[in-house]
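Structure first, then comments.
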Amino acid sequence: MRGGKIVWPALALACAAGCRTTKDVLNDYEVALSTGDYARPVQETSELAAEKDGSRLLWQLLAGGALYMSDERDRAVAMFDAAEDAMQANDATSVFARGGEGALAMMTNDRAFDYDGGGQDRIFTCLYKAIDYMASGRRDAARTELNRAGQHQENWLWERRKDIDAAARKMEADANAYAKKQQSSVQGDRSQQVSTVLGDASFQAQIREKCAFDPATSGNLDVLAPKDYTNVYVEHVTGIFRWLSGDGARNHLKDVAALCPANAVVARDFADVERGGRPANQVWIYVEDGLCPCREEWRLDLPLGLLPFVGRYVIYAGMALPYLRERAHGAINWSVAAGGQNVPMAPLADVDALVKTEYDVYMRGALTREITRTIVKIGAQVALGVTAENVSDRNTYLALKASQFGVAAWASTTTAADLRSWTALPKTVKVARVDRPSGGRLEVVADGQRIQIDVPPGNTMVFLRKPGPSAYPVVKMATF
């Protein structure tokens with residue numbers, strides 16, 4: 001009886017957990033961070049991270065982010081280290097090149113493949129480790145992580161091209177294999193049919209309206225400028241860290257000044273470095289505000305009018321695509337009160353825009369893949385429907401129609417958008433530089449909320465995180 005009291009609740013909890021979707025976990029994670037309950041999602045995401053499935057890296061990043069904001073430094077670094085092990089495995093070959101679980105994985109949806117972590121995932125992972133190392137006085141370890149963040153930044157274009165090429169090859173191979181297996185075809189050439197759908201003005205308008213993505217121009221790596229994908233936050237942190245450590249700051253601060261010409265803080269920093277000046281009792285305050293966009297699912301039907309002679313044979317022609325939902329700021333107005341002065345904080349990095357760039361690059365391939373999947377699945381339904389109409393035996397006819405409905409049912413159940421993303425990243429980053437007050441106390445003001453910070457003598461970097469309006473701020477500090 002005693003055992004029953006323990007086992008049955010445990011089984012009930014296990015059943016409930018098993019029924020939770022990735023989106024359920026992400027939604028609860030968002031609520032926890034937005035309200036400042038940073039410790040609450042740690043257990044669930046850590047348990048999911050221990051499972052060896054294709055989303056393991058995502059759970060490691062989410063658990064690491066929650067631990068980072070809970071200021072559990074050792075555990076956060078350990079979780080981020082585990083995430084980087086997975087990222088390094090992805091460096092060897094694209095997740096698309098490795099294939100998904102089971103044959104013809106590409107014919108289901110992108111969730112059949114491991115979560116590989118985008119460029120900003122890698123950059124922020126190293127940055128957060130560096131900040132925790134700085135706050136713990138481990139400057140050599142912080143320097144290593146900032147160097148690695150910079151290397152990921154340099155590799156950004158190469159990594160995106162690698163994934164795009166691998167995904168295209170996998171899509172072509174699986175589409176051909178599935179069509180052959182089903183002995184199906186849609187009248188005409190498949191690549192031409194995909195181009196017809198992508199080029200249709202009405203279809204393009206739907207995508208632009210819902211996804212803020214232009215199939216004709218968005219996500220083209222050949223035309224992206226460095227400002228579109230460079231994380232100036234990590235560049236500036238690296239420059240200031242090196243300046244305060246006495247080496248190698250100039251190039252980093254020069255790049256940030258070029259990318260942020262309207263930011264007076266970074267202009268001053270670069271000018272001071274150029275003059276050879278060394279700071280004294282200066283304080284840099286970085287604010288990571290709000291939460292970056294997250295992915296939601298949008299379902300739509302492939303416009304069958306663009307594929308002649310197939311309409312009456314098609315039972316299901318659905319598609320699913322992700323779109324970005326923007327989330328709230330932690331505060332709208334930020335300033336720093338120090339030494340009797342109130343200094344407004346200057347915008348440094350638009351993380352929303354960085355996430356949008358990576359989404360656009362992803363969508364450029366994902367949209368083509370989803371159209372291809374749908375056309376091939378339609379082809380299987382058409383082939384069975386046409387064959388059924390041209391047989392005289394009733395049993396054969398019924399068997400073919402049953403197969404046609406079975407193919408349509410499979411198409412329906414495998415239609416889904418990949419909603420996985422590291423949703424703990426900030427929305428924007430702001431920066432201010434002030435003289436250290438004589439008493440050491442300054443206040444960061446966020447929409448009227450006053451956050452008091454005591455700064456020791458010396459040069460100090462302060463990192464403040466506020467994911468939502470009602471969330472209490474996380475503050476980390478390193479003095480040089």
Side-chain angles (χ1 to χ4, degrees), residues 22-23 26-27 29-30 55 57-58 61-62 65 87 90 94-96 109-111 113-125 152-153 155-168 171 198 203-233 290-300 319-328 349-371 416-429:
T22 295
K23 191 58 179 170
L26 291 175
N27 287 342
Y29 189 92
E30 177 180 352
S55 296
L57 171 57
L58 173 65
L61 292 172
L62 291 167
M87 291 177 186
N90 293 341
S94 167
V95 296
F96 292 108
N109 54 68
D110 282 0
R111 297 192 310 190
F113 297 85
D114 290 353
Y115 181 77
D116 69 337
Q120 297 308 321
D121 287 6
R122 294 165 180 238
I123 292 166
F124 271 100
T125 294
H152 286 312
Q153 181 69 74
N155 291 344
W156 191 90
L157 277 173
W158 176 83
E159 290 173 352
R160 304 289 78 73
R161 291 189 193 280
K162 177 193 70 174
D163 287 344
I164 289 170
D165 292 344
M171 184 76 254
L198 281 172
F203 182 74
Q204 287 186 359
Q206 287 188 70
I207 303 299
R208 283 195 297 268
E209 181 179 358
K210 188 66 179 183
C211 302
F213 175 85
D214 189 332
T217 60
S218 298
N220 186 346
L221 292 177
D222 294 331
V223 300
L224 287 180
K227 66 180 179 62
D228 296 321
Y229 58 85
T230 299
N231 188 323
V232 292
Y233 177 30
L291 291 170
C292 70
C294 63
R295 294 183 180 191
E296 301 288 348
E297 184 175 83
W298 174 44
R299 288 181 174 252
L300 68 160
M319 304 166 56
L321 296 168
Y323 68 93
L324 292 181
R325 170 172 62 86
E326 289 196 11
R327 296 186 285 176
D350 185 347
V351 183
D352 274 12
L354 294 174
V355 171
K356 179 62 164 62
T357 293
E358 296 199 344
Y359 165 82
D360 284 351
V361 173
Y362 167 79
M363 273 290 286
R364 194 168 180 84
L367 179 57
T368 299
R369 289 194 293 275
E370 189 66 1
I371 293 171
D418 189 354
L419 306 182
R420 297 173 296 179
S421 65
W422 189 10
T423 56
L425 298 183
K427 183 178 184 69
T428 62
V429 181

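Residues: numbered from 1 along the sequence shown.
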**Asked** With a 4.0 Å cut-off, would you call Asp222 and Arg161 a salt bridge?
**Response**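 Salt bridge present between Asp222 and Arg161.
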**Request:** Mind running side chain to side chain contact (heavy atoms under 4.5 Å, CB included) on Asp418 and Phe113 for me, showing each step along the way?
**Result:** CA-CA 10 Å; Asp418 189 354; Phe113 297 85; over 6 Å; no
Look up atom [atom1] in [X] and atom [atom2] in [Y], then write down how far apart they are to the nearest 0.5 Å.
X: Lys23; Y: Glu296; atom1: NZ; atom2: CD; result: 3.5 Å
X: Cys292; Y: Phe124; atom1: SG; atom2: CZ; result: 8.5 Å
X: Leu221; Y: Leu157; atom1: CG; atom2: CG; result: 6.0 Å

**Item:** Verdict with reasoning, Met87 to Leu61, per side chain to side chain contact (heavy atoms under 4.5 Å, CB included)
**Value:** CA-CA 11 Å; Met87 291 177 186; Leu61 292 172; 3.7 Å; yes
Identify the two heavy atoms, one from [X] and one from [Y], that lie closest to each other, and give their separation to 0.1 Å.
X: Glu370; Y: Ala320; result: OE2-N, 3.0 Å
X: Glu297; Y: Ala417; result: OE2-N, 2.8 Å
X: Leu57; Y: Gly117; result: CD2-N, 3.8 Å
X: Leu419; Y: Leu26; result: O-CD1, 3.7 Å
X: Ser421; Y: Tyr115; result: CA-OH, 3.6 Å
X: Tyr29; Y: Leu62; result: OH-O, 2.6 Å

**Message:** Is any side-chain heavy atom of Lys210 closer than 4.5 Å to one of Gln206?
**Reply:**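 A side-chain contact under 4.5 Å is absent here.
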**Request:** Give the intermediate values and the outcome of side chain to side chain contact (heavy atoms under 4.5 Å, CB included) for residues Tyr229 and Val361.
**Result:** CA-CA 11 Å; Tyr229 58 85; Val361 173; over 6 Å; no
Donor-acceptor pairs under 3.5 Å, side chain of residues 351-359 to any protein atom, not counting sequence neighbours: which ones?
unit_1: Asp352; atom_1: OD2; unit_2: Lys427; atom_2: NZ; d: 2.7
unit_1: Lys356; atom_1: NZ; unit_2: Ala212; atom_2: O; d: 2.8
unit_1: Lys356; atom_1: NZ; unit_2: Asp360; atom_2: OD1; d: 2.7
unit_1: Lys356; atom_1: NZ; unit_2: Asp360; atom_2: OD2; d: 3.0
unit_1: Thr357; atom_1: OG1; unit_2: Asp228; atom_2: O; d: 2.9
unit_1: Thr357; atom_1: OG1; unit_2: Ala353; atom_2: O; d: 3.2
unit_1: Glu358; atom_1: OE2; unit_2: Gly119; atom_2: N; d: 3.1
unit_1: Glu358; atom_1: OE2; unit_2: Gln120; atom_2: N; d: 2.9
unit_1: Glu358; atom_1: OE2; unit_2: Trp156; atom_2: NE1; d: 2.8
unit_1: Tyr359; atom_1: OH; unit_2: Pro322; atom_2: O; d: 2.7

**Prompt:** For Thr230, which residues count as a side-chain contact (heavy atoms from CB on, under 4.5 Å) partner, sequence neighbours excluded?
**Reply:**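 Thr230 satisfies side-chain contact (heavy atoms from CB on, under 4.5 Å) with Gln153, Pro226, Val232, Glu235, Leu259 only.
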**Message:** If you count every heavy atom of other residues, nucleotides or ligands that lies below 6.0 Å from Lys227 atom NZ, does the total exceed 12?
**Reply:**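 Count not over threshold, so no.
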**Prompt:** Of all residues at least two apart in sequence or in a different chain, which pass the side chain to side chain donor-acceptor pair (under 3.5 Å) check with Tyr323?
**Reply:**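 In terms of side chain to side chain donor-acceptor pair (under 3.5 Å), with neighbours along the sequence ignored, Tyr323 is linked to no residue.
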**Request:** Using the side chain to side chain contact (heavy atoms under 4.5 Å, CB included) rule, take Ser218 and Met363 through it: C-alpha gap first, then chi angles, then the decisive distance, then the call.
**Result:** CA-CA 8 Å; Ser218 298; Met363 273 290 286; over 6 Å; no
